[in-house]
Amino acid sequence: MPDISDLSGPWWRTAAIYEVYVRSFADGNGDGVGDLIGLRERLPHLRDLGVDAVWLTPFFRSPMVDGGYDVSDYRDVDPSFGTLADFDAMLAAAHDLGLRVIIDVVPNHTSSAHAWFTQALQDLPGGPARARYHFRPATADGTPPNDWESVFGGPAWTQAPDGEWYLHLFDPAQPDLNWDSADVRVEFEGVLRFWLDRGVDGFRIDVAHGMVKAAGYPAAGLTGQIGLLGRRVLPYFDQDGVHEIHKAWRKILDSYPGQRMAVAEAWASTPQRLAQYTAPDELHQAFNFEFLQADWDDPAAVRASIDSCIHAAEPVGAPTTWVLSNHDVRRHATRLGSLERANAAALLMLALPGSVYLYQGEELGLPEVLDLPAQARQDPVWFRSGGSDPGRDGCRVPLPWQAGAPAFGFSATGESWLPQPPEWAALAADRSSTVELYRAALSLRRSLTGALRWHESAPGVLDFTRDGLRCVVNLSGGPVALPEGPGSEVVLASRPIDGGTLPADTTVWIFARTVSTS
Ligand code: BGC
């Protein structure tokens, strides 16, 4: 069995990876949409923050029905984000700054504007162009072929003009590919090579658990038992067949020099099933959403989620990954109830063994924007739920860089595809105090290599050591005494502390020995 406590080795095992939601990071041409030139100009912020890599959400050609997760050409940059030359220049600049770049790949579905889907609609039922997608015959009573539901709400089937049904686990503009088709497998291997040849350091694989559907399209109701993570076992997610695809992709990654890697966005019903995605011959990492979903009003549950994630990864020898926010969930400064608690959570996460994923703007303490006007919203979740679910636009509002500048420095013209709240002036990168906390933690974190060892602690307090670092998190709701002893010097606190008391919703790092901060 590989030794999980040995965290030395490839860069990604301990990396801090920063998610850039390209549309909302920085706008280089003033049209109100973030782009690759804007990203290149702002890369020094990420170098100074101290992250190892960036993950870019899709910037490929797309009608943008789902913010670019509806790709119409996997080998080109959407004009709203720039050109392939802009991508190459951005990648070279990132590498010059010592930042690696991983990019999204979206293999579960294409855009309905993809040439393949256009051909499929023009093809006859049963024809070869339809075989690249999941088409089912027209039904006599006009009801969908089965009870599968779209993740965005409503049925997962839509009728083509000739009455056949096609499958879309997300929006109707995102038809699911049929991974039994050799065309599909060959095409995506080519797409991976296209970007690896350009020099990307790896991929984030969108819906990595979704590409294979159960044979015969069985009703979800029949297999809808509940898994350990409280997730239903569904005939279109986490089917055993996806592992064959990931093994083939691993071989491609390994055939390139320079430690190329892949991280799966995978949802599985048990931690053990999730760990299969990171077997030594599969992907390097999988996102761990259990920590993100932990109930912070229940400190024991937070601790249990940490233990369960570490233990699930042990048998396959993969590093754990930690994430608190991303472009799909409510920002944790809002979700956890306060900026104090958000920063306490971040300092806890940054002390954990493995790799961390940060979402743009969390280093500024940005909250979710809850009051976007209906006419500004763009998320298909909002439209498909008839406005009952606000969707994910609130975590995608363009970043504030500079307090007094137009669009807070996001774009020189003041344009912004979603409106920024005026109060973000106080959180702009040039004002934020949270950014200093992240910088210090990311720097100190580089010294940490060891496994986590819990200490006995008062109720509501999480207390552990890694190497010389002791991390104490007070989720008890009231003040607690700090550990005492020689060398117990607080080197970092998620908010100012006074004397030997740790206020509620506060994390401190205490170093029992001197560590390098370089
Ligand atoms: C992405 C979402 C997207 C969905 C469909 C998810 O995993 O993170 O933003 O809407 O896949 O591609």
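In each ligand, atom 1 is the first atom listed, and ligand 1 is the first ligand listed.
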Partner of Phe25 under ring pair (Phe, Tyr, Trp, His ring centres under 6.0 Å), chosen from Tyr359, Phe59, Trp401: Trp401
Within reach of ligand 1, part of Arg204 (heavy-atom separation under 4.0 Å): side chain
Arg396 contact mode with ligand 1 (heavy-atom cut-off under 4.0 Å): side chain
Distance filter under 4.0 Å to Asp66 heavy atoms, resulting ligand 1 atoms: 3 (C), 4 (C), 5 (C), 10 (O), 12 (O)
Plane angle bin for Phe117 and Tyr166 - parallel if under 30°, tilted between 30 and 60°, otherwise perpendicular: perpendicular
Residue from Phe188, Phe60, Tyr256 passing ring pair (Phe, Tyr, Trp, His ring centres under 6.0 Å) with Trp195: Phe60
Distance from atom 9 (O) of ligand 1 to nearest protein heavy atom, with residue and atom: Asp328 OD1, 2.7 Å
Glu290 and Ser308 side chains, donor-acceptor separation under 3.5 Å: yes
Aromatic plane relationship, Tyr21 with Trp417 - under 30° parallel, 30 to 60° tilted, over 60° perpendicular: tilted
Phe287 and ligand 1 - part of the residue with a heavy-atom distance under 4.0 Å: neither
Per-atom contacts of ligand 1 with His109, taking only distances under 4.0 Å to non-hydrogen atoms: 5 (C), 12 (O)
Closest to atom 1 (C) of ligand 1 (judged by heavy-atom distance), picking from Asp206, Leu169, Asp70: Asp206
Parallel, tilted or perpendicular: rings of Phe289 and Phe287 (30°, 60°): tilted
Heavy-atom nearest neighbour in the protein, as seen from atom 4 (C) of ligand 1, with distance rounded to 0.1 Å: Phe170 CE2, 3.7 Å
Under 3.5 Å: donor-acceptor pair, side chain of Arg204, backbone of Val105: no
Proximal ligand 1 atoms for Arg392, defined as those under 4.0 Å from one of its heavy atoms: 2 (C), 3 (C), 9 (O), 10 (O)
